[in-house]
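Below is one structure; the comments refer to it alone.
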Amino acid sequence: MLNDRHTRIVVCCGSGGVGKTTTAAALALRAAELGRRVVVLTIDPARRLAQSLGLTELDNVPRAVRNLPPGTTGSLDAMMLDMKRTFDEVVLSHSTPEAAEQILANPFYQAVSSSFAGTQEYMAMEKLRATAGHRRPARHLGSHRRRHAPSRSALDFLDAPKRLGSFLDGRFIRLIAAPAKLGGRAGLKIVNFGIGLVTKTLTTVLGGEMLRDVQTFVNALDTMFGGFRERADLTYALLKEGGTAFLVVAAPERDALREASYFVARLAKDGMPLAGVVVNRMQPNAARGLTAARALDAADALTEQGRTASAAALLVHADVAELAVRHRALVRRFTAGHPGIPVVEVAALAQDVHDVAGLREIGAQLAG
Amino acid sequence: MPFAADSLLADGFPGVRLHVVTGKGGTGKTTVAAALAVALAGQGKRVLLAEVEDRQGISQTFDVPPLPTTEVRVVGAPHGGEVIGLAVDPKAALLEYLQLFYKLGRAGGVLERFGAIDFATTIAPGVRDVLLIGRVYEASRRRLDKKHHRGSAPEDLAYDAIVLDAPPTGRISRFLSVGSEVAGLARVGPIRHQGDSVNELLRSGATRVHVVTLLEEMPVQETVDAIGDLSAIGMPVGAVIINQARGADTEAVAQLDPDELARDLRSVGLDPSPATVAGLLEQVRRHGERVTLEQKQLAVLEDLGRPLVTVPFVVEGIDLDAVTEIAGLLAEQGMVP
């Protein structure tokens with residue numbers, strides 16, 4: 001995958017805590033070593049990612065990673081999505097300074113731009129498209145982490161553009177933005193009744209002032225963007241192109257693998273190109289010849305003889321062996337349930353990943 | 001284990017009715033929340049276990065059918081205790097809310113058709129979270145006779161305790177401060193009122209936020225950050241729960257000699273092949289590294305000065321038996337009165 005020069009975007013997705021950011025960084029580093037020019041983009045404030053790449057901070061602009069292994073022919077940049085700033089930039093680049101100022105000062109805009117569920121994903125896609133567009137020979141590793149989203153919609157970044165787009169182009173927003181206009185056009189009595197009821201209820205529940213803020217915001221966005229949906233479609237199309245590969249990241253746990261199954265199904269449904277599934281943190285077993293049960297029996301016997309050190313070693317092994325067997329079984333079941341989808345296992349490291357060396361080790365395992 | 005020094009034991013949190021459980025993704029906060037609910041039910045309490053992330057974590061943990069948007073009994077306990085599960089759904093919460101306060105029979109349907117419900121539950125900032133917490137708030141003050149009154153006597157309330165399986169550490173402060181955020185946007189009206197009421201409950205002595213972590217660098221860092229953020233917004237922090245802790249007898253294996261190990265293996269009838277001996281030693285070394293790392297992280301957590309509670313790693317995976325066992329450990333370590 002990394003050697004294929006046609007692959008320009010790799011999106012890592014998966015549920016929380018399975019190691020998406022580390023996987024993305026390890027892949028990015030490996031790609032850079034293979035001579036490609038790479039930028040790794042994360043949504044989370046991945047302080048440790050910055051640290052392991054020898055950067056003091058990550059922000060909205062790509063920063064070059066300097067401490068690459070000797071012999072690296074490509075390059076590696078890293079950046080973190082600052083949602084509010086990206087949103088502000090989009091506003092600034094699409095409107096007059098006066099209009100921009102008005103939008104940026106709107107309380108509803110301020111809330112939406114920093115906390116709207118889906119804005120982050122939408123802006124990540126904006127950023128992804130912008131970055132992928134600018135640097136033609138580069139490839140792009142987006143590490144998409146769900147943050148707002150309930151995990152059933154952890155693929156929010158697929159839904160968000162459409163949702164935001166269809167919302168802003170939809171009839172409800174027209175209704176809020178210009179109740180009079182729509183009311184005049186609507187012929188049916190029932191619709192009139194409905195509109196009156198809707199605005200009345202909204203005013204009651206939200207308060208008139210908030211509704212006015214919403215109206216100002218929506219009108220401003222509307223004149224500014226023209227068609228959110230069009231942009232959303234462009235982003236969506238970019239993902240479907242041949243140059244994109246999705247990687248579903250998981251851990252050998254029931255819940256994480258269940259999520260992974262959902263991701264796989266969802267990507268297939270949307271016709272998104274799935275490159276494979278990465279299962280991180282597999283328990284390695286360095287003494288496979290010895291089962292957990294036999295190790296436990298032997299540990300008991302040795303404890304009786306007062307051989308505590310050897311007994312302790314066997315107890316450690318019993319846990320390791322049992323966990324390794326369980327991990328294997330979970331992955332085997334997952335693989336059987338998803339024939340034809342490559343599954344790559346990455347062994348758990350004893351230490352947390354701290355530096356480029358640690359990322360390289362993961363990268364080597366990913367490459368098989 | 002337990003690792004915690006005596007000064008860091010939990011005191012049972014007397015007077016607390018709402019336990020909010022957060023933690024970094026993958027730390028097992030749903031398991032811990034479920035176990036805490038079972039521990040409270042074990043004292044004969046009626047406990048509501050609520051989840052807000054649309055994951056059906058409760059149904060999976062207790063191996064029961066997916067929860068509807070209403071409250072259902074999940075598991076019983078001795079002395080009349082029981083755990084009631086609730087998967088809070090913002091849409092259902094909004095419609096219920098409108099029904100409860102405005103008697104909007106058919107208006108609900110109209111709102112739905114016009115996308116107004118979608119607007120409120122997914123797009124309008126903060127409203128979704130207010131609805132999620134608002135639903136929990138409503139349950140917290142509902143009486144057995146289904147009415148809501150300020151200052152109802154504890155024995156009249158529908159629930160003795162509520163455990164909230166909350167969003168992860170990355171967004172817990174925002175989630176819990178949503179009352180204030182919405183109050184800033186909506187200056188009047190019911191949403192404002194709801195926001196204020198929620199705020200009052202969350203910052204009262206009846207609430208504690210517990211943070212679940214692993215003894216790994218990133219979850220510990222997020223725990224430290226989250227506790228800082230929560231304290232800054234005046235949220236009462238409860239215990240730090242160390243999940244998946246590995247007990248370790250590192251001293252015993254520190255001096256392990258390959259020849260001695262081989263001899264010992266042979267003496268109990270195992271084949272001491274060089275590969276097995278080397279493998280065992282390698283595992284012991286890795287285990288030692290992991291334990292050293294865990295001790296370092298433990299020291300960081302101890303410096304927080306919060307009660308520490310330890311839950312061991314369950315090699316077999318989490319099922320109802322494991323949850324019950326963890327509930328016992330939580331009770332032993334002062335998570336319940």
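Chain naming here is simple, since letters A, B, ... match the order of the sequence lines and numbering starts at 1 in each. None of the values given here were measured: they were computed from a predicted structure.
With a 4.5 Å cut-off on non-hydrogen atoms, B:Leu293 touches chain A through its side chain but not through its backbone. For a residue to count as touching a neighbouring chain, one of its non-hydrogen atoms must lie under 4.5 Å from one of that chain's; by this rule A:Leu349 touches chain B with the backbone only. For A:Asn285, the parts lying near chain B are the backbone and the side chain together; criterion is any non-hydrogen pair under 4.5 Å. Of the two parts of A:Leu290, only the side chain, counted from C-beta on, holds a non-hydrogen atom closer than 4.5 Å to a non-hydrogen atom of chain B.
Residues A:Arg307 and B:Val268 have side chains not in contact (no heavy-atom distance under 4.5 Å, counting atoms from C-beta outward).
Within the 3.5 Å criterion, the main-chain N or O of A:Ala286 finds a donor-acceptor partner in the side chain of B:Gln283.
The only member of B:Asp264, B:Leu270, B:Leu261 that meets side chain to side chain contact (heavy atoms under 4.5 Å, CB included) when paired with A:Leu302 is B:Asp264.
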| said: Evaluate A:Leu314 against B:Leu265 for side-chain contact (heavy atoms from CB on, under 4.5 Å), listing each step before the verdict. | reply: CA-CA 9 Å; A:Leu314 286 168; B:Leu265 290 180; 3.8 Å; yes

| message | Pair B:Leu256, A:Ser310 - check side-chain contact (heavy atoms from CB on, under 4.5 Å), show working. | response | CA-CA 7 Å; B:Leu256 197 58; A:Ser310 296; 3.8 Å; yes

| task | Quick one: do A:Asp319 and B:Phe313 satisfy side-chain contact (heavy atoms from CB on, under 4.5 Å)? Show the steps, please. | result | CA-CA 10 Å; A:Asp319 275 358; B:Phe313 183 67; over 6 Å; no

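Within 6.0 Å of the CZ atom in A:Arg326, the count of heavy atoms belonging to other residues, nucleotides or ligands exceeds 12. The environment of CG in B:Asp257 is crowded: more than 12 heavy-atom neighbours from other residues, nucleotides or ligands sit within 6.0 Å. The number of heavy atoms from other shown groups lying within 6.0 Å of CZ (B:Arg285) is above 12.
Per-residue counts of heavy-atom pairs under 4.5 Å with chain B were compared for A:Pro284, A:Ala256, A:Ala251; the largest is that of A:Pro284.
One distance of note links NE2 of B:His287 with CG of A:Leu315; it measures 9.5 Å at 0.5 Å rounding.
Using a cutoff of 4.0 Å between basic side-chain nitrogens and carboxylate oxygens, A:Glu259 and B:Arg55 are not scored as salt-bridged.
No side-chain N or O of B:Gln60 forms a donor-acceptor pair with one of A:Arg254 less than 3.5 Å apart.
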